[in-house]
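First comes the structure, then the notes that go with it.
Computation of the quantities below employed the complete heavy-atom set of this structure, encompassing side-chain atoms and omitting hydrogens, waters and symmetry-equivalent molecules.
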Amino acid sequence: MEGNEAADPSPALVTDVFARACTSRAAFEDVTSRWSSLVLLALAEGPHRFGELRRRVEGVSERMLAQALRGLERDGLLTRDVAGTIPPRVDYALTPLGQRVAEGLRALADVLEGAVPEIDRARLDYDAR
């Protein structure tokens, strides 16, 4: 290396959501799964217990909700707080990282909710072909 020229970073240090082995890609896949995205949006409203999340996210099975919660906890997007009561009380809440991700998802959800007439029209046009 000459003078102040920096060497190219090692491929292991480069983060790129398009790279197969990048941690950000795996987290992106976790976050963008149908149930995980909806769980993040629900938790952006405030902490929820498992049953509350199940009611808020219509159509999710217990198995899929548990899987989404485990993945999001593993990625550091939510916390799982177990109270030592009988029966045990478990509350889920977003971490600061989870809050930032949920804000981006909320913006996307707002665009989609506001575009429902356009989407419906496009689907009708497409299906009519």
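- Side chains of Tyr92 and Leu72 form no contact here, defined as non-hydrogen atoms less than 4.5 Å apart.
- Of the possible donor and acceptor atoms, none in the side chain of Glu118 sits under 3.5 Å from a partner among the backbone N and O of Ala115.
- A heavy-atom distance below 4.5 Å is found between the side chains of Arg100 and Leu97.
- By the rule that hydrophobic residues join a cluster once side-chain heavy atoms approach within less than 4.5 Å of another member, Leu53 and Val82 end up as members of one cluster.
- If you take CD on Glu73 and CZ on Arg70, they are separated by 9.5 Å, rounding to the nearest 0.5 Å.
- Using a 4.5 Å cut-off between side-chain heavy atoms of Ile, Leu, Val, Met, Phe, Trp and Tyr, with links allowed through other members, Val116 and Leu108 fall into different hydrophobic clusters.
- A continuous path of Ile, Leu, Val, Met, Phe, Trp and Tyr side chains, each step under 4.5 Å between heavy atoms, connects Val39 with Val90, placing both in one hydrophobic cluster.
- Within a 6.0 Å sphere centred on CZ of Arg56, heavy atoms belonging to other residues, nucleotides or ligands number 12 at most.
- If you run side-chain contact (heavy atoms from CB on, under 4.5 Å) between Leu77 and each of Val31, Asp30, Leu94, only Val31 comes through.
- Side-chain atoms of Asp16 come within 3.5 Å of backbone N or O of Phe18 as a donor-acceptor pair.
- Scanning for side chain to side chain donor-acceptor pair (under 3.5 Å) contacts around Ser33 gives Ser36, with sequence neighbours left out.
- In terms of heavy atoms, Pro47 sits closest to Glu52 at O-OE1, 4.3 Å.
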Derivation and outcome, side chain to side chain contact (heavy atoms under 4.5 Å, CB included), residues Leu41 and Val57: CA-CA 9 Å; Leu41 288 170; Val57 181; over 6 Å; no

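- The CZ atom of Arg20 sits 7.0 Å away from the CZ atom of Arg25 when rounded to the nearest 0.5 Å.
- Of all heavy-atom pairs between Pro117 and Gly114, the closest is CD-O, 4.0 Å.
- Between Leu38 and Val60, the closest side-chain pair of non-hydrogen atoms is not below 4.5 Å.
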Acceptor/donor pairs from residues 121-129 side chains to any protein atom, 3.5 angstrom cut, sequence neighbours excluded:
none

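- Here the shortest heavy-atom pairing between His48 and Ala42 reads CE1-O, 3.2 Å.
- Under 4.0 Å is where a charged nitrogen must lie from a carboxylate oxygen, and between Glu45 and Arg106 no such pair does.
- Contact of the Asp75 side chain with the Thr23 side chain is not registered, since no non-hydrogen atoms from C-beta on lie closer than 4.5 Å.
- For CZ of Phe50, the number of neighbouring non-hydrogen atoms (other residues, nucleotides, ligands) closer than 6.0 Å is greater than 12.
- The neighbour count for Glu113 CD, taken as heavy atoms of other residues, nucleotides or ligands under 6.0 Å away, is above 12.
- One hydrophobic cluster holds both Met64 and Leu78 under the rule that ILVMFWY side chains link at heavy-atom gaps under 4.5 Å.
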